[in-house]
Amino acid sequence: MEFVSPGPTSKGPRDRFNGDVWFDGIRVGQEPSRLCASMVRFAPGARTAWHHHAVGQTLHVVAGVALIGTRDGTVFEAHPGETVTCPPGEEHWHGAAPDRFMQHLALWDATAPGDDRPEITWLEHVTDEQYGAERTRSC
């Protein structure tokens, strides 16, 4: 058994996030488990840039209203206690609704040894038009 000392809260870098975002690293994937985990807090209207994960990502909403967008223009709305999975390679973004803070637990796997793909590939920023698209509640 090992208790892991948390590092300091970090501010999300401007090249990967619009608005104010803070995260606390929980777990960095190390063999044999490749699980990575962060608790992420978004100010109202803040969001990630477009990105994708080589092995996929799971988001568990803890507080507020989460928005998760896909390249086909769909914006899903998720509430506390709901979990959303993004399959490997799917380009997506996630963030807070414009009128409230949002907090989620982000979970993903680091790539396996010998797999040269980056675990996360960051792309361009989400436009205001993409962020403001009509929302849906069902997947």
Should the pair His51 and His94 be assigned to parallel (<30°), tilted (30 to 60°) or perpendicular (>60°) ring geometry? perpendicular
Look at atom CG of Asp72 and say whether more than 12 heavy atoms of other residues, nucleotides or ligands are closer to it than 6.0 Å. yes
Could you see if Phe17 belongs to whatever hydrophobic cluster contains Ile120? Use Ile, Leu, Val, Met, Phe, Trp, Tyr and a side-chain cutoff under 4.5 Å. yes
Report the C-alpha distance between Trp93 and Tyr131 in whole Å, list the side-chain angles of each, state the deciding distance to 0.1 Å, and finish with yes or no for ring pair (Phe, Tyr, Trp, His ring centres under 6.0 Å). CA-CA 9 Å; Trp93 61 267; Tyr131 171 78; 5.8 Å; yes
Is there side-chain contact between Thr70 and Phe76, with at least one heavy-atom pair below 4.5 Å? yes
Is it true that a side-chain atom of Arg47 and a backbone atom of Gly45 form a donor plus acceptor pair closer than 3.5 Å? yes
Nearest-0.5 Å distance that lies between atom CG in Leu105 and atom CD1 in Ile26: 5.0 Å
In this structure, CE of Met39 is separated from NE2 of His60 (nearest 0.5 Å) by 8.0 Å
The side chain to side chain donor-acceptor pair (under 3.5 Å) partner of Arg41 among Asp20, Thr9, Asp24 is Asp24
Identify the two heavy atoms, one from Ser38 and one from Gly25, that lie closest to each other, and give their separation to 0.1 Å. OG-CA, 3.9 Å
So Thr58 and Thr83, do their side chains get closer than 4.5 Å, heavy atoms only? yes
Go through Gln57 and His52 one step at a time and tell me if the side-chain hydrogen bond (donor to acceptor under 3.5 Å, both in side chains) criterion holds. CA-CA 8 Å; Gln57 182 180 40; His52 61 86; over 6 Å; no
What is the minimum heavy-atom distance between Pro80 and Gly64, and which atoms define it? CD-O, 3.1 Å
Side chains of Arg27 and Cys36: does their closest heavy-atom pair fall under 4.5 Å? no
What's the spacing between Lys11 NZ and Trp22 CH2 if we round to 0.5 Å? 5.0 Å
Is there a side-chain contact between Phe101 and Pro44 in this structure, where contact means two heavy atoms from C-beta onward sitting under 4.5 Å apart? yes
Glu91 CD to Leu123 CG distance, which is reported to the nearest 0.5 Å: 5.0 Å
Kindly give the heavy-atom pair with the smallest separation between Gly12 and Phe23, and that separation in Å. CA-CE2, 3.8 Å
Just so I know, are the side chains of Glu119 and Trp108 near enough to count as touching, which here means a heavy-atom distance under 4.5 Å? yes
Under 4.5 Å between any side-chain heavy atoms of Arg135 and Leu67, yes or no? yes
Would you call Val21 and Val40 a side-chain contact if the rule is heavy atoms closer than 4.5 Å? yes
Using the salt bridge (charged side-chain N to carboxylate O under 4.0 Å, His left out) rule, collect all pairs that involve residues 78-90, keeping only residues at least two apart or in two chains. Glu82-Arg137
How would you list, by chain and number, every residue that makes a side chain to side chain contact (heavy atoms under 4.5 Å, CB included) with Ala66, sequence neighbours excluded? Val61, Ile68, Ala78, Met102
Under 3.5 Å donor-acceptor, Arg34 side chain and Ala110 backbone: yes
Closest contact, heavy atoms only, Ala49 versus Val126: C-CG2, 4.2 Å
All heavy atoms of Ala54 vs all of Pro118, minimum pair found to be CB-O, 3.5 Å
Side chain to side chain donor-acceptor pair (under 3.5 Å) test vs His125 passes for just one of Asp15, Asn18, Thr48, namely Asn18
Step by step, would you call Gln130 with Trp50 a side-chain hydrogen bond (donor to acceptor under 3.5 Å, both in side chains)? CA-CA 11 Å; Gln130 291 166 327; Trp50 285 102; 3.2 Å; yes
Quick one: do Arg71 and Glu124 make a salt bridge, cutoff under 4.0 Å? yes
